[in-house]
Amino acid sequence: MAVDEHYNEHGGFPKFETAKVEPEYGELIEALRRVQDLAVSVDMPADALKAALAQTQQLVATMEPHVVPERKTPAGRVPRLPGRGSLLMLPWTVEKFDADGVRSRGVFRRFHLGGNGAAHGGTLPLLFDDLFGLTQHAYGRPISRTAYLHVNYRKITPLNQPLVVEGHVDKVEGRKTFISATLKNEDGELIADSDALMVQLLPGQQ
Ligand SMILES: CCCCCCCCCCCC(=O)SCCNC(=O)CCNC(=O)[C@H](O)C(C)(C)COP(=O)(O)OP(=O)(O)OC[C@H]1O[C@@H](n2cnc3c(N)ncnc32)[C@H](O)[C@@H]1OP(=O)(O)O
């Protein structure tokens, strides 16, 4: 394991701490994703719209009193959950996490639709960027920020089909970590590939 001697230097970043959550937390996040799927899929009559609005306003009222600062919410800090329990992240599950690389599996869902049955092109950099963050972390690099991220779209990215993304560190030069990744379908066909530069933060950098 290539643990960097500067691993504990996190610039302005806090250390990532796994959150403990109630069993219902993962179910809530999944239900909210289903709502997102539906929100971009439905064409409702007025009475159904009114009912959905009233129920959503009720949900907001239930959740709103519990807003906490960024590092207190479990969102994004539950590695066993799809997307680490974050609604922003692709709801994919990490199945390999070590210095050799990180592999994650999942599907692009209806709410990732760009057009004509394909995932929105902007959702792929999100998938890759989060994977790159995890990859450099698994490699033992200090917290870094993405300086650039390049995506090659090789084939249409389908919705609701199991896909796998896999990334690894190519080289490290001082503060710079060069990482690359591939997105493939279960037949091993290449859908997209990406490479990025992540730059280690200096003390005080955010
Ligand atoms: C377990 C769960 C964990 C948690 C897992 C969570 C994963 C989340 C991961 C998300 C990561 C993100 O998306 S972060 C969000 C998106 N990124 C950002 O917002 C970054 C904004 N940019 C910046 O803050 C800055 O530009 C930095 C920090 C990247 C670099 O600024 P700096 O510190 O002043 O460094 P600087 O001197 O400019 O550059 C250092 C070296 O990098 C090179 N360099 C810098 N930028 C570039 C560039 N675009 N293209 C080529 N090369 C570049 C320079 O030439 C130099 O090389 P040399 O002369 O030394 O050879």
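Both counts, for ligands and for their atoms, begin at 1 and track the order of listing. Quantities reported herein were computed from a predicted structural model and do not represent experimental measurements.
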Can a salt bridge be assigned to the pair K72 and E70 using a cut-off of 4.0 Å between side-chain N and carboxylate O?
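Between E70 and K72 there is no salt bridge, as every charged N stays at least 4.0 Å from the carboxylate O atoms.
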Inspect the contact between R105 and E166 and indicate whether a charged nitrogen and a carboxylate oxygen are less than 4.0 angstrom apart.
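No, E166 and R105 are not salt-bridged.
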Using a 3.5 Å cut-off on N or O atoms only, is D129 in polar contact with ligand 1?
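Between D129 and ligand 1, an N or O pair is found under 3.5 Å apart.
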Using a 4.0 Å cutoff against the non-hydrogen atoms of [X], which atoms of ligand 1 qualify?
| X | value |
| --- | --- |
| Q205 | 32 (P), 33 (O), 34 (O) |
| L197 | 44 (N), 47 (C), 51 (C), 52 (N), 53 (C) |
| G133 | 7 (C), 9 (C) |
| Y148 | 48 (C), 50 (N), 51 (C) |
| D130 | 7 (C), 8 (C) |

Nearest to atom 29 (C) of ligand 1 by heavy atom, L202, L131, V199: which?
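Going through L202, L131, V199 one by one, V199 has the nearest heavy atom to atom 29 (C) of ligand 1.
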Where the closest heavy atom to atom 5 (C) of ligand 1 is concerned, which of L201, L134, T146, L149 has it?
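When every heavy atom of L201, L134, T146, L149 is considered, L134 comes closest to atom 5 (C) of ligand 1.
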Atom of [X], atom of [Y] and distance for their closest heavy-atom approach:
| X | Y | answer |
| --- | --- | --- |
| Y148 | T146 | O-CG2, 3.4 Å |
| T135 | H168 | CG2-CA, 3.7 Å |
| R109 | R34 | NH2-N, 3.7 Å |

Heavy atoms only, cut-off 4.0 Å: how does K176 contact ligand 1, side chain, backbone, both, or neither?
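For K176, only side-chain atoms sit under 4.0 Å from ligand 1.
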Could you label the plane-to-plane angle of the F108 and H112 rings as parallel, tilted or perpendicular, counting under 30° as parallel and over 60° as perpendicular?
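It falls in the perpendicular class, over 60°.
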Exam field: side chain D37 to backbone F111, donor-acceptor pair closer than 3.5 Å
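Side chain of D37 to backbone of F111, a donor-acceptor pair under 3.5 Å: yes, one is there.
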